[in-house]
Asks: 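Sharing a structure below in C-alpha cells format, with a few things to ask.
Order of the sequence lines fixes the chain letters, A, B, ..., with proteins taken first and strands second; residue numbering starts at 1 for each chain.
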Amino acid sequence: MLDKTYNAQDIEERRYRAWEESGVFGCAPDSNAAPYTIMMPPPNVTGSLHMGHALTFTLQDVLIRYFRMKGRDALWQPGTDHAGIATQMVVERNLADTGQTRHDLGREAFVDKVWEWRAHSGGTIQRQLRRLGASADWPRERFTMDDGLSRAVTKVFVQLHKEGLIYRDKRLVNWDPKLHTAISDLEVEQRPTDGQMWYFRYPVQGAPDRFIVVGTTRPETMLGDTGVAVHPDDDRYRDLVGKTVILPIVDRPIPVVADDYADPEKGSGAVKITPAHDFNDFEVGRRHDLAMINVLDRDARLNEAVPADFQGLDRFVARDRVIERMEALGLLEKVEPNPMTVPYGDRSGVVIEPWLTDQWFVDAKTLAQAPIQAVEEGRTRFVPAHWANTFFEWMRNIQPWCISRQIWWGHRIPAWYGPDGAIFVEETEEEAQAAAHAHYNDAVALRRDDDVLDTWFSSALWPFSTLGWPDDTQELARYYPGDVLVTGFDIIFFWVARMMMMGHHFMGDVPFRDVYIHALVRDAKGQKMSKSKGNVIDPLDLIATYGTDALRFTLTAMAAQGRDIKMSESRVQGYRNFTTKLWNAARFCEMNGCIPRADYDPAAVTSTLNRWIVARTTATARAVGAAIEAYRFNEAAQVAYQFTWNTFCDWYLEFAKPVFNGEDTAAQAETRATAAWVLDRILTLLHPIMPYVTEELWDALSDSRPHPLIAAPWPEDRADLAAPAAEAEMDWLVGLITAIRSVRAEMNVPPGARLPVQIKDANATTQARLETHRALVATLARLDAVTLVDEAPTSGAAQVVVDEATVILPLADVIDLEAERKRLARDVAKQDGEITKLAKKLANEGFLAKAPAEVVAENRERLADLEATRDRLKEALARIG
RNA sequence: GGGCGAUUAGCUCAGCCGGUAGAGCAUCUCGUUUACACCGAGAGGGUCGGCGGUUCGAAUCCGUCAUCGCCCA
C-alpha cells in the first residue's frame, strides 16, 4: 500500500543508484536501433550546480529519456572541461593560504597539485547531476585533459598549423595584467563607465605657438604615441598633414597623418595614435607605417621605453602623473566628462590592456565558412530560429582567435623553438627533434613553447574527441554527428561556433543537426541571479525541499522558447503538489484494484467512459511526444499536467467511483483494467520530466513489470483507439454536470442536498446518453432523480440550458426568484451579445463571398445554436413570470 | 549607433498556418461525499502597449512609435 503522500527524499537516491547500476543509461553501439546523441556541454571541473545547469541538464535529460523510450539508442555523453584559468586560480588561491605561489613550486609540481585538487574536489558537479536525475552514460565520462582528448588536441593543432590555419603572430591581444595571460575577445567584458576625456595640446614643429589638440581617455598611453591622425577632408588640419608635432614630456617628433579613422565630429577632430596600446590605433599605425612603442610591462606598469621618472609607475598612477605634467607644461586644454566602456577581464576583474605580444592564432575566418554555409543550408538548424542571426553576425565578422594562454594548467602547445627562433610544430618532441635535425642538418637543443591552449580549443573538439577521434572508432562512426546541442545563448560564440568549425574541418560534417538555445533562469523579479546580488536560488535547496521531480517539472513547464525563466519557489511548490496529486491518483487506483494486465487490449473496451479515456490518453501521449520533439517543453509539460489532473483525476476517476461501487462486475473489471492502463501511460509520458515518482509508482503498482519504466516503450500511437463519438458524449456529460453544479452553487443549494432534476426538450441522442449515464450524473451532480418531462413546472425552479435541452431544478423552498431572474437575464444578454456579433459577421457580403465555405458554415451553425439557447433561456425566464 | 527579444487577466506566462482569448498562481463563495486540504466544487477578472496598414476577418501578418531587457560596436 502506498504511503499517504509521496516523499521524494526517501526514494530518489535509491532509484538513481538502481538505474545507474543496471546500465540503462548506457548507449548500445552494437544495437540495430537508430542512435540519438546529445553531447553534454561539459561543465567546468571547478563548477557546482546552479540553476542554469539545472535547466539545461533537465531539458537534455527530458530529450534523452524520451528518445530512449521511443526505442532509439540514446547516448548522452557526459564530461567536464579543465577550465584552464579558473582552475589554476582556485589552486593558486589554495597555495596562497600556505604563503606560496605557483612559481615557488615550479611548473611540474604545480600541475601535479592541480591534478591532485581535481581528484579530491573535482567531482562535485557530477554528483549533483546525479541528484538531478541526469541519465548520462557515466562510464563514458570524459575530461578535456584526458590522454585521449589531449592527443586529439595535439593532432588538431599540428594539422591546422601545417595547413596554415594556426600561426604565430605579433599582434595586439587582450592582456590581463593580473593573471599575466592573453585572453580572447570573448573573455573580455565591456563595462559602461563614466570616464573623462582629456584634451592635450601637442606643439607643431617649426610653427611656434601652433598646437594640435588631441583628446584621450587614457592619458598615460600618450607616452607611446607615434603619430596624430586627422581626417583627410578636415579643412582645419589639412595643412598639417605630413608635418611633425613634438610629443610633450617625451619630446619625440611624431608625424601628422590623414586617416578616415579620425572623426571630425568627435572632440577636436584630431586623435593621438598609440599603435601598441589600442586596437584601432594599431590599424592606423599599420596603414601609415608608424612606429609601435610598447610602454607597458606585463603588470601594466610603465617600462623603460618612457622617460626615467615615469618608469615603474602603475598605469593609473601614471595617468595622474601625465595629467599633472601636461598641466604644468600648460598643455592641458580641458577635461570633459565622457561616458565610455572599459574592458575588464571576466575572470580577474581588472582592466584589460591591449598589449603587443607573440601569440598563437587560429584563422577563424577561414574555418567559419563551412559552418556559415551549413546554417544557411539548414544542415544545422537553430531553435528558436532567430539565433541564427546572432550566429551569422558573429561568424561573418570573426577575428583571429588568440588561443595561447600564459598559464600552466592546460594543453601545452606542441611547438619547439630552435636556437635561432625557428619553430617546429609536431605531435611529439621526437618528431620536433627530427624536423629540427632536418632543418639545421644537425642535432640542436630545442625549447618547448611555455604556453598552453585556450580551454575552448579542446572543448571545440568535444563532439568527436569524446568518441575516440583521431582513432577510427565504432562510436565515432555511429554517434557523430549528434542530434541536438542544448545550451544557452551566452555560449554560442565561445563554444557552439567553434565546435562547428572544428567539426566541419576534421569530420567533414556538422557536429549536430539542431542547436536548441534555451533561456536564462532569473529570479522571481526577473533579475539575473548573482552572488553579489544575493538572489541566487540553489537548485539543490529546492530539490531538498520539494523533490527533484518538482524542480524538473517547473523548469520544463517554464521553458518556453524565447523567453527567460523567472524562477520562484511558489511555482516549484505548485508542481510538488502535482506530484502529490499523481501519487494519490495512483493510490486510489491501487486501493480499487486497478492492476495493470498484460492481456489488456485498449481497442477492445466497450463502455463509452473507457473508450473516451483510452482515446484521450492516446491523443495526449501523441501531443506530449510531438511537443518534446519540437523542443516545446512547456507545452509537453502543460499537456501532460492537464490530462493527468483535469481529465484523469477530476473526471475519469470520479466517473469510475460509481462504477467501482456499483453492481456491474463486467464494467468494473473493464474500468479497473482501463484505469490501470491509463495510469501506466500517464507514468510513461511523465517519466522524461519526472523520472523518480513515475518510476517509483511503476514499480509499486505491479509485480510483473518486464522493464523498469526508464526502459519501457513510449505509448504507441494507434489510430484505432480514436473514439470521436465517445468523446462527444463524454464532453456532453461533463458539460451537463458542470452546468448543474454551477446553478447549485449560484443558487446556494446546500452542497449535501440531493435534488430531483427534470429535463425538458431532450432529443433522442440526449435521452439515450442520459439513460447510459444516469448514475454518473446523479452521483457527480448530487441528484436523487432525473426525469424527462414535456411540461415544465412554473415558478420555483432554477433552470439551465444544455444544448437543446433545458435542465430544471425544482427549488420551491429555497429559491430566490429575483436572483434566478437576474441570472437568466444575464445569460440571455450574454447570448445576445454573441448573437449580434455573429449576425453582423454573417450579414457581411465580403465575409460570405471570401471566407472559406467551412468557416461560413461553422459560423452559421454557431449562430443557430446560440439563438436556440437564447430562446430557451427566454422561455425559462418567462416561466418564472 | 547596429541587432535581437518582450509588451495578453492582479502576478507569472501559453496562444503553432489569421477564423469563438487560455493556463497556473492569487482573489472571492461554498465544502471535510471512504485517493488527495499539497484537496474538491463554483465564480469574478482581458480595448491582447499606442497608432496606422493589409484582409471579409488581426492578439496573430506588415509599418511606425513608446516602454523594458539582452547582445554587439
Asks: Report the residue (Lys657(A) or Thr579(A)) whose heavy-atom-nearest nucleotide on RNA chain B is the more 5′ of the two.
Replies: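 Nearest nucleotide further toward 5': that of Lys657(A).
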Asks: Relative to each other, are the rings of Tyr641(A) and Tyr575(A) parallel, tilted or perpendicular (30° and 60° limits)?
Replies: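 Perpendicular: the ring planes of Tyr641(A) and Tyr575(A) meet at over 60°.
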Asks: Should C38(B) form a Watson-Crick or G-U wobble pair with both distances under 3.5 Å, which nucleotide is its partner?
Replies: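 For C38(B), the partner nucleotide comes out as none, under the 3.5 Å rule.
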Asks: Nearest whole Å is fine: how far is A43(B) P from Ile740(A) CD1?
Replies: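 For the pair Ile740(A) CD1 and A43(B) P, the rounded distance is 14 Å.
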Asks: If we call it a pair only when both distances are under 3.5 Å in a Watson-Crick or G-U wobble match, what pairs with A66(B)?
Replies: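 Paired with A66(B), as far as the under-3.5 Å criterion goes, is U7(B).
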Asks: Fit a plane to each ring of Phe489(A) and Trp387(A), take the angle between them on a 0 to 90° scale, and name the class: parallel (under 30°), tilted (30 to 60°) or perpendicular (over 60°).
Replies: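 Parallel: the ring planes of Phe489(A) and Trp387(A) meet at under 30°.
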Asks: Within the pair Ser568(A) and U12(B), is there a side-chain N or O less than 4.0 Å away from OP1 or OP2?
Replies: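 No.
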Asks: In the strands shown, is G46(B) matched to any nucleotide by a Watson-Crick or G-U wobble pair with both distances under 3.5 Å, and which?
Replies: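 Per the H-bond distance test, none.
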Asks: Parallel, tilted or perpendicular for Phe648(A) and Tyr652(A), by the 30°/60° rule?
Replies: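 Parallel.
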Asks: Can you tell me the Watson-Crick or wobble partner of U32(B), both distances under 3.5 angstrom?
Replies: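 U32(B) is unpaired by these criteria.
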Asks: Residues of residues 845-858 of chain A with any non-hydrogen atom less than 4.0 angstrom from an atom of RNA chain B: list those, numerically ordered, please.
Replies: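 Close to the strand are Gly846(A), Phe847(A), Lys850(A), Ala851(A), Pro852(A), Val855(A).
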Asks: Which class fits the ring pair Trp495(A) and Trp456(A): parallel under 30°, tilted 30 to 60°, perpendicular over 60°?
Replies: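 Tilted.
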Asks: If pairing requires Watson-Crick or G-U wobble contacts with both distances under 3.5 Å, which nucleotide is the partner of U54(B)?
Replies: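 Here U54(B) is not engaged in any pair, so there is no nucleotide opposite it.
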Asks: Report all interatomic pairs (protein N or O, nucleotide N or O of nucleotides 68-73 of chain B) with separations under 3.5 Å.
Replies:
none

